[in-house]
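Report on the structure given below.
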Amino acid sequence: GAGVSQSPRYKVAKRGQDVALRCDPISGHVSLFWYQQALGQGPEFLTYFQNEAQLDKSGLPSDRFFAERPEGSVSTLKIQRTQQEDSAVYLCASSLTSGVGETQYFGPGTRLLVL
Amino acid sequence: GENVEQHPSTLSVQEGDSAVIKCTYSDSASNYFPWYKQELGKRPQLIIDIRSNVGEKKDQRIAVTLNKTAKHFSLHITETQPEDSAVYFCAARNMDSNYQLIWGAGTKLIIKP
């Protein structure tokens, strides 16, 4: 079946613009994660959804970052008033359940460049 | 909270030789340790994982070992091939939550022909 998809794949924004990044998880997957990956670094956790509930948003770097998953499937990560330090690859991952050791399947990422 | 350190940051080996990447973690209660492979411009993909109730796990040319006492785990790749060239990330489950992974900084593996 289809894997995790993300759109857009690339986004160039001017500083101060708002952006919205979309994630389509694997159908039926309960858990959805957002990560930020800076160049040459490992993914850094941003937020976690279990179905439509956002159980953890401790990784969001500022109140300019907002995520939602209103129907428990597609998720959107919104960044308001983008700054240059927001430039990174934003990865979405989903897993079937929230159990220990449940494999996280990643999307291709959205590469955000803020000028 | 959990902290994961990974070395080396870059590893260059001759095709056919073995490669070993090491990670250490800080929280002795961590119990799940996956390894991901990320090719340039592509998504991370799980290649192997291990839980704290076993010391070693093998899958063809790939193996992972875990030393709970020393709080370190290692990825071993034997008979390396050009397609093994990628960045490899280790991670550990953060025991403060039941889902969050804490990732190492990655190892760039280069296979020389």
Side-chain angles (χ1 to χ4, degrees), chain A residues 2-7 9-10 23-26 29-51 53-60 69 88-113, chain B residues 1-10 21 23-25 29-54 57 59 64 66 73 75 86-109:
Chain A
V4 179
S5 61
Q6 292 185 245
S7 61
R9 292 292 313 279
Y10 303 92
C23 171
D24 285 78
I26 294 172
H29 276 200
V30 164
S31 295
L32 187 145
F33 307 80
W34 281 99
Y35 292 90
Q36 181 189 61
Q37 187 175 24
L39 193 63
Q41 299 294 317
E44 297 245 355
F45 171 83
L46 293 177
T47 189
Y48 166 70
F49 289 87
Q50 189 173 96
N51 296 307
Q54 188 176 20
L55 297 188
D56 188 340
K57 53 182 180 179
S58 62
L60 296 176
R69 193 186 185 197
V89 175
Y90 290 85
L91 292 165
C92 173
S94 71
S95 63
L96 182 60
T97 71
S98 59
V100 174
E102 194 68 49
T103 300
Q104 294 185 24
Y105 296 91
F106 282 82
T110 294
R111 188 174 297 272
L112 173 65
L113 178 62
Chain B
E2 178 63 276
N3 181 52
V4 176
E5 293 191 359
Q6 182 171 350
H7 348 250
S9 56
T10 304
I21 301 170
C23 287
T24 59
Y25 59 99
S30 288
N31 61 1
Y32 174 64
F33 308 92
W35 285 89
Y36 281 81
K37 175 183 179 183
Q38 187 174 30
E39 296 177 48
L40 189 63
K42 297 194 175 177
R43 70 192 77 192
Q45 292 195 304
L46 181 73
I47 54 171
I48 196 166
D49 57 14
I50 191 167
R51 299 188 187 207
S52 58
N53 57 348
V54 298
K57 184 175 177 181
D59 182 4
V64 55
L66 172 65
F73 56 113
L75 178 71
V87 178
Y88 291 80
F89 292 98
C90 63
R93 176 173 167 260
N94 183 356
M95 291 304 294
D96 290 338
S97 75
N98 61 358
Y99 48 77
Q100 194 179 131
L101 292 177
I102 304 300
W103 296 66
T107 296
K108 183 176 182 179
L109 177 62

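Predicted, not measured: the structure shown is a model, and the values here were computed from it. Below, chain A is the first sequence line, B the second, and so on; all start at residue 1. Just the heavy atoms: all of them, side chains too, but no hydrogens, waters or symmetry mates, feed the values below.
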Heavy-atom cut-off 4.5 Å, strictly under: side chain, backbone, both or neither for A/Y105 against chain B? neither
What do you reckon, are the aromatic ring centroids of A/F106 and B/W103 less than 6.0 Å apart? yes
Spacing of B/I102 atom CD1 and A/E44 atom CD [to the nearest 0.5 Å]: 8.0 Å
Identify, with sequence neighbours excluded, every residue that meets ring-ring contact (aromatic ring centres under 6.0 Å, His included) alongside A/W34. none
For atom CD of A/Q54, is the number of surrounding heavy atoms from other residues, nucleotides or ligands below 6.0 Å larger than 12? yes
The interface call for A/S31 against chain B, heavy-atom contacts under 4.5 Å, is neither
Options B/Q45, B/K108, B/Q38, ranked by heavy-atom pairs under 4.5 Å with chain A, top entry: B/Q38
Answer with side chain, backbone, both or neither: which region of B/F33 has an atom nearer than 4.5 Å to a non-hydrogen atom of chain A? neither
Heavy-atom closest contact (A/G107 atom, B/R43 atom, distance): O-CB, 3.1 Å
Between A/Q37 and B/F89, is any pair of side-chain heavy atoms under 4.5 Å apart? yes
At a heavy-atom separation under 4.5 Å, does B/P34 approach chain A through its side chain, its backbone, both, or neither? neither
For A/Q104, is it the side chain, the backbone, both, or neither that has a heavy atom closer than 4.5 Å to a heavy atom of chain B? both
